[in-house]
Asker: 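One structure is given below, represented as structure tokens, and several questions about it will come after.
Every number for a ligand or one of its atoms is a count from 1 in the order of the listing.
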Amino acid sequence: MIATILPAMSAGIPLSCQRGTTVVHDYGSILDKIPVMRVLLINDTQEAQLAINGSYQITGSLTNIIDQGQGLQKSKISVSNGGINIGNKRYDNSELRITGMRDGAIELNNIRYRGEIRILQQFNNKFSVIEEVDIESFISGVLGSEMPQTWNEDALRAQAVTARTYAMYKKKVRGNEGYHLDMLDLAYRGMSSESPRLNKIVQDTKGVVMVYDWNIFPAYFHSTCGGHTEDVGSVFGKDSMPPLSGVVCNYCNNSKYSRWSTDISKSEIEKRLREAKVYVSNISTVKAIDPGAGKHGSRVKIVSANGNKEMNANDFRLIVGPNYLYSTAFDSKNNGKSITFSGRGWGHGVGLCQYGAQAMAEKGFQWAAILKYYYPKIELVRVY
Ligand SMILES: [Zn+2]
């Protein structure tokens with residue numbers, strides 16, 4: 001994959017082509033075909049609904065066709081006695097691969113998908129569903145779920161390259177595992193948020209990814225940084241690197257999440273922590289401590305009747321709820337039954353600041369310039 005090929009390429013002089021004001025190193029055919037992503041759509045479930053428009057084929061874990069048909073009405077998928085049931089048909093297979101003959105033929109839980117799906121048995125009559133889809137179609141689906149579709153084209157192009165880079169990184173890291181991405185990695189609802197405009201915007205940057213030191217990297221992004229993006233090391237405990245070490249951002253001031261204040265009841269915080277198997281009672285304070293470059297706390301200290309507890313701040317934010325506690329760049333005030341959190345930004349703060357990217361695009365910055373601002377020292381490379 002890319003990381004194994006790029007170091008060898010970097011010795012040569014890259015071909016370059018002008019795209020706006022920015023150079024994209026064009027390696028055209030470094031990959032001979034568009035990468036296929038394996039995306040975990042559903043996990044550990046007992047029931048899902050499947051419909052297929054038009055002709056389809058079903059194969060097992062081998063490639064021999066075990067069934068085919070012309071359209072399938074909405075049918076229940078379930079697992080029993082070691083077999084997979086679809087509607088009133090039963091297949092004595094541990095895995096089924098369903099291929100529709102045209103794009104968007106497969107509808108799973110009322111969402112249409114371009115790719116083919118695999119149903120895999122798990123324990124206790126449960127199953128997972130994985131889609132295999134080419135990365136460009138996948139990014140078209142992600143784009144409209146991760147950024148408002150009406151935003152500036154260059155903000156959307158920057159977001160497309162960011163998501164593509166992140167997806168390619170995950171594919172490299174997870175390699176031969178069952179899937180490369182799950183629903184926590186990138187928001188994705190098949191074709192439901194695609195539009196001709198978004199598909200065109202994805203096409204504009206087809207095959208372009210960011211590399212640092214000729215390696216692909218996890219191109220994190222978030223909604224609003226609140227003034228300075230954060231160092232990946234202090235949020236995720238990963239090795240810091242120049243593209244992910246944080247930059248000043250004076251562009252997201254207009255985001256409504258730039259400054260916020262919210263009141264969360266202590267019992268709610270305690271309940272959510274308990275659900276995550278963190279046990280505290282009678283909290284008196286929650287402090288964000290050990291701030292990183294962007295002043296987001298890397299850890300939180302929870303002072304409670306049963307002692308002090310420290311944990312990763314981003315984990316704490318996700319446990320309390322990312323739609324309640326917007327970021328870990330907060331001050332807090334004890335109000336008796338509740339705690340008032342006052343903070344900056346929404347999200348973990350690492351990498352591209354989406355509201356900042358939108359403001360830069362509105363000021364006339366092109367997508368590549370936006371990416372080079374938020375991910376310092378990167379190169380843009382077209383790999384297919
Ligand atoms: Zn920002």
Asker: Hey, which of Y251, W151, Y374, W346 is the one that makes ring-ring contact (aromatic ring centres under 6.0 Å, His included) with Y355?
Answerer: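 Of the listed residues Y251, W151, Y374, W346, the ring-ring contact (aromatic ring centres under 6.0 Å, His included) partner of Y355 is W151.
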Asker: Say you draw a straight line from CD1 of I117 to CD1 of I98; how long is it, rounded to the nearest 0.5 Å?
Answerer: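 Taking CD1 in I117 and CD1 in I98, the distance rounds to 4.5 Å.
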Asker: Short of 2.8 Å from the Zn ion (ligand 1), name each protein N/O/S atom, waters not counted.
Answerer: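 Under 2.8 Å from the Zn ion (ligand 1) - ignoring waters, which are not counted - the protein N, O or S atoms are C225 SG, C249 SG, C252 SG, C353 SG.
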Asker: Measuring centre to centre across the rings, with the benzene-like ring taken for any Trp, is Y166 within less than 6.0 Å of F221?
Answerer: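 Ring centroids of Y166 and F221 are no less than 6.0 Å from each other.
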Asker: Salt bridge check: are E136 and K206 linked by an N-O gap of less than 4.0 Å?
Answerer: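 A salt bridge is absent here (no side-chain N lies under 4.0 Å from a carboxylate O).
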Asker: Step by step, work out the side chain to side chain donor-acceptor pair (under 3.5 Å) result for D263 and T340.
Answerer: CA-CA 4 Å; D263 212 44; T340 303; 2.6 Å; yes
Asker: Aromatic contact between Y257 and Y326, with the criterion being ring centroids under 6.0 Å apart: yes or no?
Answerer: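 Ring-ring flag for Y257/Y326: true, centres closer than 6.0 Å.
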